[in-house]
Novice: 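One structure coming up, written as structure tokens, with questions to follow.
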Amino acid sequence: MSQSERTGATWDVVIVGSGPAGSATAITLAKYGRRVLLVERRESSSFKLGESLPPASIGLIKHFLGDPEGPEQQLPGLFSTAGNVSLWASEQADIADFFFTPSGHGLCIDRLAFDEALRANAVRAGATLLKGIGLRSCARIADGSYNWQFTFISDAGIRQDRARYLVDCSGRQAVVARMLGVPITPDDDQLFAYAQWFSCTGDDDDRYTRIEAAPAGWWYSNRLPGADGGETGRLVVFHSDRDLPTARLAASRQGFDQLLNGSTHIAPLLKAGGYHPCRTIRGAPANSQRLRDFGGDAWIAVGDAAQAYDPLSSQGIDKALRTASHAGHMIHYALTDRPQSAAGLGMGNIYIHQYVEQQRQLWQTYLSRRDFYYGIQPRWSDQPFWQRRRQLAN
Ligand SMILES: Cc1cc2nc3c(=O)[nH]c(=O)nc-3n(C[C@H](O)[C@H](O)[C@H](O)COP(=O)(O)OP(=O)(O)OC[C@H]3O[C@@H](n4cnc5c(N)ncnc54)[C@H](O)[C@@H]3O)c2cc1C
């Protein structure tokens, strides 16, 4: 072993990736008293997409972060949202108002602050968080009750840890599953998101998410919580298939503006608010994908690592938190059932089978909803973006 190489510790569970799925899995397991190591590749992030939470997520937020309206509220820059205004099935605005839901509102979050608050809660619950550390390898071992040996790499050098259970929460990259040879199966779409931030000096009290279909894709826009240098912020995101010429256009400021000018209600909204673009356009994959296997013996995938959705669903964070809670409980029961044996499968696998079955059902439900929403948009039937969605649905 070289000088910078050192042996780490032993854990009940190692979780790779500290987005919402990783932190929520860590919180659930640490509350049972499990020894949890949560590893995060990044020291910090400069942006992250995904800021709308539907009313149905509010109970989950209370569970993992405390009451967003209570005095102990831990999230900076969060506000209530009123619903969605979409120009989707026609040029007529369709309003889905959250007023008629049990909570009466959804939430718009400062995404970086949200992920950080969840991480802080994982640490508060007793998990160990290591940032700026990447997984180099993981190997099966049969060493007493330990099933896994890991090699992690960071600026401080290499460390080796052992654990009984392994959780892949590394998002769309699903690094653990891929290391284990489990393929990601794309659902044959190449959806990609192009995000442009806007700011203005005036007020913007629009609390609706704006969604709009376009000939080569679709838009959404949200007013953002928190002020950027004292200015009001708004995010505008265009989605198209990465291989289409329109996608190449959307990646440049000029092309993005050109496409935006063709929008029916988002461009006028920005103009009326006196918004101007700020920061550079950022891109992110937004296609539908799932792992061929959601878990196996002594490992499981949670959140986007297991299955990632088209942002039209606005379900990614909810699904990450909800399935993390389920996974955390199942892993705890699995570890309780076979505390000593690395080899035996026993009851532990029955719990994990339940989780895997839940993932399969979620995927089927997601696909049918996605295909339904794309299917009710009847325009531009000569455009490849919409033709492809119709083919996927058939
Ligand atoms: C354009 C767009 C808009 C969206 N809008 C919404 C929305 O409005 N509402 C919503 O609910 N969802 C939305 N989503 C989806 C949502 O952001 C994701 O579903 C959510 O982030 C999934 O959480 P996660 O923890 O599974 O993965 P992630 O949030 O991706 O977290 C994965 C973590 O793993 C870390 N990691 C990766 N590799 C390694 C490694 N090798 N070692 C250690 N750490 C690693 C990453 O740095 C990251 O911190 C949107 C997505 C996109 C692309």
Side-chain angles (χ1 to χ4, degrees), residues 14-26 37-57 60-61 64 81 84 106-109 111-112 114-116 118-119 122 129-138 150-154 166-179 191-196 209-211 217-222 224 235-240 250 281-289 291 301-324 327 362 366:
V14 162
I15 300 171
V16 178
S18 72
S23 297
T25 309
L37 174 64
L38 182 58
V39 292
E40 171 56 48
R41 182 184 54 170
R42 293 178 194 275
E43 283 285 0
S44 63
S45 301
S46 58
F47 84 102
K48 193 155 179 183
L49 300 174
E51 53 294 313
S52 304
L53 291 165
S57 304
L60 274 172
I61 304 301
F64 284 111
T81 49
N84 299 328
L107 291 175
C108 190
I109 52 174
R111 186 57 200 273
L112 294 178
F114 177 80
D115 283 16
E116 208 47 54
L118 279 169
R119 269 178 216 121
L129 170 66
L130 295 179
K131 280 184 168 184
I133 181 166
L135 177 66
R136 183 188 258 188
S137 68
C138 60
F150 307 98
T151 305
F152 294 112
I153 184 157
S154 70
L166 169 59
V167 190
D168 188 350
C169 292
S170 61
R172 284 171 173 272
Q173 291 176 340
V175 288
V176 173
R178 284 193 293 139
M179 264 181 201
L191 197 70
F192 206 78
Y194 300 87
Q196 170 74 76
T209 296
R210 306 279 172 164
I211 301 162
W218 60 275
W219 298 90
Y220 83 73
S221 178
N222 273 321
L224 292 173
L235 178 66
V236 178
V237 184
F238 181 66
H239 304 78
S240 189
I281 292 172
R282 307 303 289 257
N287 61 305
S288 305
Q289 64 175 55
L291 284 179
V302 182
D304 277 11
Q307 49 184 292
Y309 295 170
D310 183 322
L312 189 59
S313 75
S314 213
Q315 288 291 317
I317 300 169
D318 187 282
K319 181 248 304 161
L321 297 178
R322 212 172 283 278
T323 58
L362 278 175
Y366 158 69

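Every number for a ligand or one of its atoms is a count from 1 in the order of the listing. Residue indices begin at 1 and follow the sequence shown.
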Novice: Only heavy atoms of Q315, strictly under 4.0 Å: list the atoms of ligand 1 that pass.
Specialist: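 Counting from 1, the qualifying ligand atoms are 11 (O).
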Novice: For ligand 1, which atoms have a heavy atom of E51 less than 4.0 angstrom away?
Specialist: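 With E51 as reference, the close atoms of ligand 1 come out as 7 (C), 8 (O).
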Novice: Tell me: protein heavy atom nearest atom 26 (O) of ligand 1, and distance?
Specialist: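 So the nearest neighbour among protein heavy atoms is D304 N, 2.8 Å.
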Novice: Checking a contact table here: which protein heavy atom is nearest atom 41 (N) of ligand 1, and how many Å away?
Specialist: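 For atom 41 (N) of ligand 1, the nearest protein heavy atom comes out as V175 CG2, 3.5 Å.
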Novice: Taking atom 5 (N) of ligand 1 as the point of reference, which of A174, G50, G106 owns the nearest heavy atom?
Specialist: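 The residue whose heavy atom sits nearest atom 5 (N) of ligand 1 is G50.
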Novice: Is P285 near ligand 1, meaning one of its heavy atoms is under 4.0 Å from it?
Specialist: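 Contact present.
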Novice: Roughly how far, to the nearest 0.5 Å, is NE2 of H239 from CD1 of I211?
Specialist: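 The distance works out to 9.5 Å.
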Novice: Among all the protein's non-hydrogen atoms, which is closest to atom 23 (O) of ligand 1, and how far away is it?
Specialist: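 That would be P20 CD, 3.6 Å.
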Novice: For ligand 1, is any non-hydrogen atom under 4.0 Å from A193's backbone (N, CA, C, O), its side chain (CB onward), both, or neither?
Specialist: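 It is the side chain that gets close, since no backbone atom is under 4.0 Å.
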Novice: What's the separation between atom CD in Q315 and atom CZ in R322, rounded to the nearest 0.5 Å?
Specialist: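 Nearest 0.5 Å value for the CD-CZ distance: 8.0 Å.
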Novice: At what distance, to the nearest 0.5 angstrom, does CZ of R41 lie from OG of S18?
Specialist: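 It comes to 10.5 Å.
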Novice: Under 3.5 Å, side chain of K319 to main-chain N/O of Y309, donor-acceptor pair present?
Specialist: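 Side chain of K319 to backbone of Y309: no pair is present.
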Novice: Which distance, rounded to the nearest 0.5 Å, do you find between the CH2 of W218 and the CG of L312?
Specialist: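 So the gap between those two atoms works out to 4.5 Å.
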Novice: Using a 4.0 Å heavy-atom cut-off, which part of S170 comes near ligand 1: side chain, backbone, both, or neither?
Specialist: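 S170 to ligand 1: contacts from backbone and side chain alike.
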Novice: Give a yes or no on whether the backbone of S23 and the side-chain of R119 come within a donor-acceptor separation of less than 3.5 Å.
Specialist: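 Pair absent, no side-chain N/O of R119 close to backbone of S23.
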Novice: Using the ring of each side chain (for Trp, its six-membered ring), is Y194 parallel, tilted or perpendicular to F192, with breaks at 30° and 60°?
Specialist: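 Rings of Y194 and F192: tilted, 30 to 60°.
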Novice: On a heavy-atom basis, I'd like to know which of E43, R282, R111, K48 is closest to atom 16 (C) of ligand 1.
Specialist: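 Residue with the shortest heavy-atom distance to the ligand atom: R111.
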Novice: Checking R111 side chain against E51 main chain: does a donor-acceptor pair fall under 3.5 Å?
Specialist: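 No; zero donor-acceptor contacts below 3.5 Å.
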Novice: For atom 27 (O) of ligand 1, find the nearest protein heavy atom and state the residue, atom name and distance (0.1 Å precision).
Specialist: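 Here the nearest protein heavy atom works out to G171 CA, 3.6 Å.
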Novice: At under 4.0 Å between heavy atoms, is it the side chain or the backbone of Q173 that contacts ligand 1, or both, or neither?
Specialist: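 Answer for Q173: side chain.
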Novice: Out of R41, K131, E40, whose heavy atom sits nearest atom 39 (C) of ligand 1?
Specialist: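 Going through R41, K131, E40 one by one, R41 has the nearest heavy atom to atom 39 (C) of ligand 1.
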Novice: Please determine if S52 has a nitrogen or oxygen closer than 3.5 Å to a nitrogen or oxygen of ligand 1.
Specialist: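 Min N/O separation from ligand 1 is below 3.5 Å for S52.
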Novice: Measure the CD1-CG distance between I317 and L107 for me, rounded to the nearest 0.5 Å.
Specialist: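 I317 atom CD1 to L107 atom CG measures 10.0 Å (nearest 0.5 Å).
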Novice: Side chain or backbone of L49 under 4.0 Å from ligand 1, or both, or neither, by non-hydrogen atoms?
Specialist: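 For L49, the contact with ligand 1 is made by both the backbone and the side chain.
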Novice: Taking atom types as modelled and ignoring hydrogens, do the side chains of S314 and Y220 form a donor-acceptor contact shorter than 3.5 angstrom?
Specialist: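 Result is no, nothing qualifies.
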Novice: Look at atom 52 (C) of ligand 1 and find which of A324, P311, A308 reaches it with the closest heavy atom.
Specialist: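 Minimum heavy-atom distance to atom 52 (C) of ligand 1 goes to P311.
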Novice: Give yes or no for whether the N/O distance cutoff of 3.5 Å, strictly under, is met between I317 and ligand 1.
Specialist: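 Looking only at distances, the answer is yes, because the N/O contact criterion of under 3.5 Å is met.
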Novice: Under a 4.0 angstrom heavy-atom cut-off, which atoms of ligand 1 come close to G303?
Specialist: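 So the atoms of ligand 1 that pass are 26 (O).
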Novice: Classify the contact between Y220 and ligand 1 as side chain, backbone, both or neither, using a heavy-atom distance cut-off of under 4.0 Å.
Specialist: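 Side chain only.
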Novice: Is there any N or O on A305 that sits under 3.5 Å from an N or O of ligand 1?
Specialist: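 By distance alone, the answer is no.
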Novice: Decide whether the shortest distance between a heavy atom of Y309 and an atom of ligand 1 is less than 4.0 Å.
Specialist: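 The answer is no: ligand 1 sits nowhere under 4.0 Å from a heavy atom of Y309.
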Novice: In Å and rounded to the nearest 0.5 Å, what is the NZ to CG distance from K48 to L112?
Specialist: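 Between K48 NZ and L112 CG, I get 8.0 Å after rounding to 0.5 Å.
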Novice: Provide the closest heavy-atom pair for S52 versus N222 in the form atom of the first, atom of the second, distance.
Specialist: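 Shortest heavy-atom contact: OG-ND2, 2.9 Å.
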Novice: Identify the protein heavy atom lying closest to atom 31 (O) of ligand 1, giving its residue, its atom name and the separation to 0.1 Å.
Specialist: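 For atom 31 (O) of ligand 1, the nearest protein heavy atom comes out as G19 CA, 3.4 Å.
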Novice: Can you tell me the protein heavy atom closest to atom 34 (O) of ligand 1 and the distance?
Specialist: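 I find the closest protein heavy atom is G17 CA, 3.2 Å.
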Novice: Quick one: look at C169 and ligand 1, take heavy-atom pairs under 4.0 Å, and tell me if it's side chain, backbone, both or neither.
Specialist: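 Only the backbone of C169 comes within reach of ligand 1.
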Novice: Number the atoms of ligand 1 from 1 as they appear, then name those within less than 4.0 Å of a heavy atom of V16, with their elements.
Specialist: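 Numbered from 1, ligand 1 contributes 40 (C), 42 (N), 43 (C).
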